[in-house]
Amino acid sequence: MQRILSGPYRWNRLLPIAFILTGASITAMALAADLLSLGGPQGIGPRQVALALSGFAIFLGGLVLISSVSQRYISEWLLIALSAIAVVFAADLLVINGLPDFVAKHLVLTSIGFSILTIGMISSSSVERTNDSPWFNLFAQDKLQISRFLSIAVQLGLLVFVVRLFRLENQAVYHNLMLLAFYGFLVHYFLPSHYRLPFFLLVSLAAIAGILGFVNGIWLIGIGLGLIGICHLPVSYNARVAILLVAGAALVALRAGWLQASWLEVIWPILASMFMFRLIIYMYDLKHGKATPTLTSTLSYFFLLPNIVFPFFPVVDYSTFRRTYYNEAQHQIYQRGLQWILRGVVQLILYRYINYYLMIAPGDVTNTLELVRYLISNFGLYLRISGQFHLIIGILHLFGFNLPETHHLYFMASSFTDLWRRINIYWKDFMLKVFYYPTFFRIRHWGASSSLIFASAFVFFLTWFFHAYQWFWLRGTFLLTTPDMLFWFILACLVIVNTLYESRRGRKRTLGQHSLTIGDIAALALRTSGTFTVMAVLWSLWSSDSIRDWIALISVVKVTLENIGVLLLVFLTIMLLFGLVIWIRSLADNKAETNAKQPTSF
């Protein structure tokens, strides 16, 4: 086929003309179906839309091929925009008199794929163009590249099937978002590198309009563009911050109902999730960053695709977002994303099991074992947040964003500072970067310990405040409860004391150590179990409606020898389980280190 495409040379002109005529004819037939009495219900429906999109895709493919090198970017951009529309159409977000069926969806996607692959094959073989065409040339790929793509596509398809089978989260997640990720990845993979980020942005914007509705989506995008525009006003940095604060105060007044804007009720949680913390990071990076933001990267950063269905979203750092974009081989990034999607799916399934079969209401706790069951299962519900974050970042990997992990074995934390490093890592990095380090270095003349205590206390105060502020945007009321404030105060004290201890005694490192002894495993298991137990109790405090309710819950356990024995037995069981996990991980780490040190030979 490549020989046919490459010569005689006239084929390079005849095929594009054939594509243009064929595509125009198909599009005209689809739009004039009622006039031509081709059957089916009257009016434009999903089948006519699918046929029109398919014909237009073929038409644009021919237009790209026949255009001159200096002007073909116009038709290329139209094809990228049409590809984004096709993905949204296949994800059931473009509804015109009904949802498209399986055949209609895949007809559009097949036409898009056919046009993209044909452009790559003909462009790379044409004598009028250079051989380094940016479009994907199927004939130039080796079997390894194709097999890697097929492997990733099959794995992703299976994960989409599992998410849809278990109906994880809500319909917008298990149906719309997962189809967007699957079909979007398939199209995105074959696009030239310089069109991949614009394609991701277009899909994200179209998804906003598709899920929230066109009018609500326009409001969200419009307000977002206004906030981004303020960040780049030709005034001083402090003036821009002041204008942002005024704009934020106006939005707060609207959210609180002081100013009536009932038509904006739908968009508040998502708008706040997109801009509440990212604006802080973005302004910080504008002031301190070296790289100049681009329009596409900035809009992609704020309008991230999964954010439209996840109001509680990891605080992605803008510098990391740009620095990690395709910073490794693409297949490694995609495969890591699949691993994290799988991890997120497993955690969401575990959360559902705990929530449905293990969790009991606080009022149903009547004895010591039921209290232990409640404390552990209640803390285990955090798997939902962890699972969502893994799923979110895994999906972003499919589009080239090689972002770091959001959580790392947080149930295995051996101290409170270790927990702070492992749980919601993006939040920790955000607070350290924007608030802790600037505060610490500004007051370091106070002395190391005083500066550490004040900066850490300030960070935890802001953590409490920002969580309460986030609650306001999600629920419409500011979270001011005694259990919430007491939870953050106790956790701050524990982390600060732990940090002071580590700063004076030093944190024990395990890098480069030999295998752990039984004593090392027992000591680590004891610390891990203690941290887990304290956090489970604190988490029950945070989950309670009032201090009185929490005291009533804890007071179920009477101070008797029997209850103390039950609690000790449960603690030893937890310690044994953690010790077993630590031992298995130690063996795996030692094996990996040994294999890494062995010389490579035949």
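Quick caveat: nothing in here was measured; it's all calculated off a predicted structure. Atom set for the values below is all heavy atoms of this structure, side chains included, hydrogens, waters and symmetry mates excluded.
- Scanning all heavy atoms of the two residues, the minimum distance from Pro293 to Thr298 falls at CB-OG1, 3.5 Å.
- With a 4.5 Å cut-off on side-chain heavy atoms, Trp340 and Leu391 do not count as touching.
- Atoms CG and CG, from Asp429 and Asn424 in turn, are 9.5 Å apart once rounded to the nearest 0.5 Å.
- Residues Thr324 and Asn327 come closest through the heavy atom pair O-OD1, 3.1 Å.
- Put simply, CD1 on Ile80 and CD1 on Ile116 are 6.0 Å apart, with the number rounded to the nearest 0.5 Å.
- Tyr237 places a side-chain N or O within donor-acceptor distance of the main-chain N or O of Met283, the cut-off being under 3.5 Å.
- Heavy-atom neighbours of Phe161 CZ from other residues, nucleotides or ligands within 6.0 Å: at or below the threshold of 12.
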Take Tyr174 and Arg167 through the test side-chain hydrogen bond (donor to acceptor under 3.5 Å, both in side chains) and record every step on the way to the result. CA-CA 6 Å; Tyr174 70 75; Arg167 295 176 177 265; 2.7 Å; yes

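- Judged by distance alone, the side chain of Ser147 and the main-chain N or O of Leu144 form a donor-acceptor pair under 3.5 Å.
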Going through the distances and angles, do His232 and Tyr282 end up as a ring pair (Phe, Tyr, Trp, His ring centres under 6.0 Å)? CA-CA 11 Å; His232 293 275; Tyr282 188 70; 5.6 Å; yes

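- The structure places NE2 of His390 at 10.5 Å from NE2 of His397, a figure rounded to the nearest 0.5 Å.
- Between the side chains of Tyr73 and Trp77, no donor N or O sits under 3.5 Å from an acceptor N or O.
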side-chain contact (heavy atoms from CB on, under 4.5 Å) between Ile20 and Ile66, intermediate numbers included: CA-CA 9 Å; Ile20 291 174; Ile66 206 171; 3.9 Å; yes

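- More than 12 heavy atoms of other residues, nucleotides or ligands lie within 6.0 Å of CZ in Arg196, so this atom counts as buried by the packing criterion.
- A tilted orientation is assigned to the rings of Phe399 and Phe200, their planes being inclined by 30° to 60°.
- Evaluation of the ring pair (Phe, Tyr, Trp, His ring centres under 6.0 Å) rule for Phe275 yields Phe302, Phe303 as partners, not counting sequence neighbours.
- Checked by atom type and distance alone, the side chain of Ser111 never pairs as donor or acceptor with a backbone atom of Ala57 at under 3.5 Å.
- Between the side chain of Ser297 and the backbone N or O of Thr294 there is at least one donor-acceptor pair closer than 3.5 Å.
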Begin from the C-alpha positions of Val252 and Phe472 and carry the test side-chain contact (heavy atoms from CB on, under 4.5 Å) through to its verdict. CA-CA 9 Å; Val252 167; Phe472 164 77; 4.0 Å; yes

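- Residues Glu169 and Arg384 have side chains in contact (heavy-atom distance under 4.5 Å, counting atoms from C-beta outward).
- In this structure, Phe102 and His106 have tilted ring planes: the angle between them lies in the 30° to 60° band.
- Counting only distance, with no hydrogens or angles, the side chain of Arg240 and the backbone of Ile230 share no donor-acceptor pair below 3.5 Å.
- Remark: side-chain polar atoms of Gln155 are paired, donor with acceptor, to backbone N or O of Ser151 under 3.5 angstrom.
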Apply side-chain contact (heavy atoms from CB on, under 4.5 Å) to residues Leu398 and Ile341 and explain how you reach the verdict. CA-CA 10 Å; Leu398 298 177; Ile341 292 175; 4.0 Å; yes

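- In this structure, Lys287 and Tyr284 have side chains that are not in contact, with every pair of non-hydrogen atoms separated by 4.5 Å or more.
- For Ser54 (side chain) and Ala50 (main-chain N/O), a donor-acceptor pair under 3.5 Å exists by modelled atom type.
- Between Val88 and Tyr183, the closest side-chain pair of non-hydrogen atoms is not below 4.5 Å.
- Aromatic ring pairs are classed by plane angle as parallel below 30°, tilted from 30° to 60° and perpendicular above 60°; the pair Phe277 and Phe466 is perpendicular.
- For the pair Asp285 and Arg322, the salt-bridge criterion is not met [side-chain N within less than 4.0 Å of a carboxylate O].
- By the 30° and 60° cut-offs, the orientation of the rings of Tyr334 relative to His188 is perpendicular.
- Counting only N and O atoms by type, the side chains of His467 and Gln470 include no donor and acceptor under 3.5 Å apart.
- Proximity of Leu251 to Ile223: side-chain heavy atoms (C-beta onward) are separated by under 4.5 Å at one or more points.
- Judged by distance alone, the side chain of Ser75 and the main-chain N or O of Arg72 form a donor-acceptor pair under 3.5 Å.
- The CZ atom of Phe19 sits 11.5 Å away from atom CG of Leu21, with the distance rounded to the nearest 0.5 Å.
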Ring pair (Phe, Tyr, Trp, His ring centres under 6.0 Å) between Phe310 and Phe389, worked out: CA-CA 9 Å; Phe310 287 110; Phe389 281 19; 8.6 Å; no

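- Note on ring orientation: taking the six-membered ring where Trp is involved, the planes of Phe321 and Phe401 are parallel (angle under 30°, cut-offs 30° and 60°).
- One finds the CD1 atom of Ile17 at 11.0 Å from the CG atom of Leu65 (value rounded to the nearest 0.5 Å).
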Between Thr118 and Leu15, does a side-chain contact (heavy atoms from CB on, under 4.5 Å) hold up when you go through it step by step? CA-CA 10 Å; Thr118 303; Leu15 283 178; over 6 Å; no

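- The two residues Ala90 and Leu179 come nearest to each other via the heavy atoms O-CD1, 4.0 Å.
- For the pair Val316 and Leu304, the minimum side-chain heavy-atom distance is below 4.5 Å.
- Two residues are said to be in side-chain contact when any heavy atoms from C-beta on lie closer than 4.5 Å; Leu60 and Leu63 meet this criterion.
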Assess the residue pair His407 and Tyr410 against the criterion (ring pair (Phe, Tyr, Trp, His ring centres under 6.0 Å)); give the C-alpha distance rounded to whole Å, side-chain angles, the decisive distance to 0.1 Å, and a yes or no. CA-CA 7 Å; His407 295 73; Tyr410 47 92; 5.4 Å; yes

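- The backbone N or O of Gln171 sits nowhere less than 3.5 Å from a side-chain atom of His175 that would complete a donor-acceptor pair.
- Tyr301 and Tyr318 have perpendicular rings, their planes meeting at more than 60° on a 0 to 90° scale where under 30° would count as parallel.
- The two atoms that bring Leu212 and Gly217 nearest to each other are CB-N, 4.2 Å, heavy atoms only.
- No donor-acceptor distance shorter than 3.5 angstrom exists from the side chain of Gln388 to the backbone of Ile385, with no hydrogens or angles considered.
- Under the 4.5 Å side-chain criterion, counting only non-hydrogen atoms from C-beta, Phe313 is in contact with Ile392.
- Taking all atoms of both residues into account, the shortest heavy-atom contact from Phe190 to Leu117 is CD2-CD2, 3.7 Å.
- Atom CG in Leu31 sits 12.0 Å away from atom CD1 in Ile26 (nearest 0.5 Å).
- Taking all atoms of both residues into account, the shortest heavy-atom contact from Ala81 to Leu202 is CA-CD1, 3.8 Å.
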